[in-house]
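Take a look at the structure set out below.
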Amino acid sequence: MTHEEKCIRPRNERTAPVKTPSQALFVRRLLRWYRRQGRSLPWRRTADPYRILVSEVMLQQTQVDRVLPKYREFLRRYPSIEALARARVGEVREVWYPLGYNVRPVRLWGIANEVVRRHEGRVPAERAALLGLKGIGPYTAGAVRAFAFRRRAAVVDTNVRRVLQRVFFGRARPDRQVWALAERLLPRHPYDFNQALMDFGALVCTARAPACARCPMASLCRSYDRFGRGPAGVRAVRAVRPERARPAAAPAPGRRAV
DNA sequence: GTCCCGATGT
DNA sequence: ACATCAGGAC
């Protein structure tokens, strides 16, 4: 057992889990980076759970730049969850175009109806209630809890998964390990931390050609070496794709780089 | 694991 | 033409 693993304590509901020194440093650096480099997005300037919910459903498998104009148009058309519930589902589908994955507007409309009918028009804040709504999975439930209700909920999307796997694991790990780490990292006020983590994955620790040269985590990142810029790396600076880092010669199962 | 969607970059 | 990309349901 390493020194850092000895620092780990079981999570308590009321108190924040103890972080290792590396984990604490990561959180501090991430929040500092976010204050300077974080994006200004419309769903970060509202406290309306309905608007947060709309943004998060739109953001499922869809990038920010494509969501931005449709987010504004959609809320102009359906300013409240009651307005969305009253609409014809076929019309909601048309408004949704061209975001894609067109089952999402149907499910969002269904969620609006469920919330109006069974939750008195209020988006639920409890994880179990959110997961009971078709169209809300682990990611969206965490996002609504953290961003709309300021709960201490982890948010693991493809960006967060990539960042944590690279920085702390150095290779692909099962989802439950990534979620457990994301929960351990959460500071007392998780809103900015979660937004920062996603911005960081979208702007610095990108899937292809990550910007290691301007990455504040380089000194504690377990993948820094892998991208050809390691401490001893006097060799050519190539931001290769991790999947390509190893030639076609049979990569070891379960050891794939992230 | 598989399917769902469409804009964008190479 | 083809890979890539802020998930979730089955």
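For clarity, every value in this text was computed on a predicted model and none was experimentally measured. Values below: every heavy atom of this structure, side chains too, minus hydrogens, waters and symmetry copies. Here is how names work: the chains are called A, B, and so on, in the same order as the sequence lines, proteins then strands, and each is numbered from 1.
Distance noted for atom P between B:dC5 and C:dA1: 22 Å (whole Å). Atom name P, nucleotides C:dG8 and B:dA7: the rounded distance is 23 Å, in whole Å.
Of all heavy-atom pairs spanning A:L130 and A:P124, the tightest one is CD2-O, 3.3 Å. Taking every heavy atom of both residues into account, A:A153 and A:N194 meet most closely at O-ND2, 3.0 Å. Here the closest non-hydrogen pair linking A:R66 and A:P98 is NH2-O, 2.8 Å. A:P210 approaches A:R166 most closely through the heavy-atom pair CB-NH1, 3.6 Å.
For A:Y34 and A:F200, the ring centers sit 6.0 Å or farther from each other. In this structure, the ring of A:F168 has its center less than 6.0 angstrom from the ring center of A:F26. With ring centers used as reference points, A:W43 lies under 6.0 Å from A:Y71.
Residues from residues 123-136 of chain A with heavy atoms under 4.0 angstrom of DNA chain C, sorted by number: A:L133, A:K134, A:G135, A:I136. Taken residue by residue, residues 55-80 of chain A places heavy atoms nearer than 4.0 Å to DNA chain C at A:L59, A:Q60, A:Q61, A:T62, A:Q63, A:V64. Contacts between residues 95-107 of chain A and DNA chain C, counted as heavy-atom distances below 4.0 Å, involve A:Y101, A:R107.
Rounded to whole angstrom, the span from the CG atom of A:L164 across to the P atom of C:dA6 amounts to 14 Å. Rounded to an integer number of Å, the gap from A:L203 CG to C:dA6 P is 11 Å. Following rounding to the nearest Å, A:W43 (CH2) and C:dA6 (C1') show an atom-to-atom distance of 9 Å. Rounded to whole Å, atom C1' of C:dG7 lies 15 Å from atom CZ of A:R162.
To the nearest 0.5 Å, atom CG of residue A:L59 and atom CZ of residue A:R104 are 8.5 Å apart.
For the residue pair A:R184/A:Q23, the side-chain donor-acceptor check at 3.5 Å is not satisfied.
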Does the pair A:D192 and A:R35 meet the rule for a salt bridge (Lys or Arg N to Asp or Glu O under 4.0 Å), with working shown?
CA-CA 9 Å; A:D192 281 351; A:R35 283 195 296 273; over 6 Å; no

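Cation-pi geometry between A:R171 and A:F169 is not met at under 6.0 angstrom from the ring centre and within 45 degrees of the axis.
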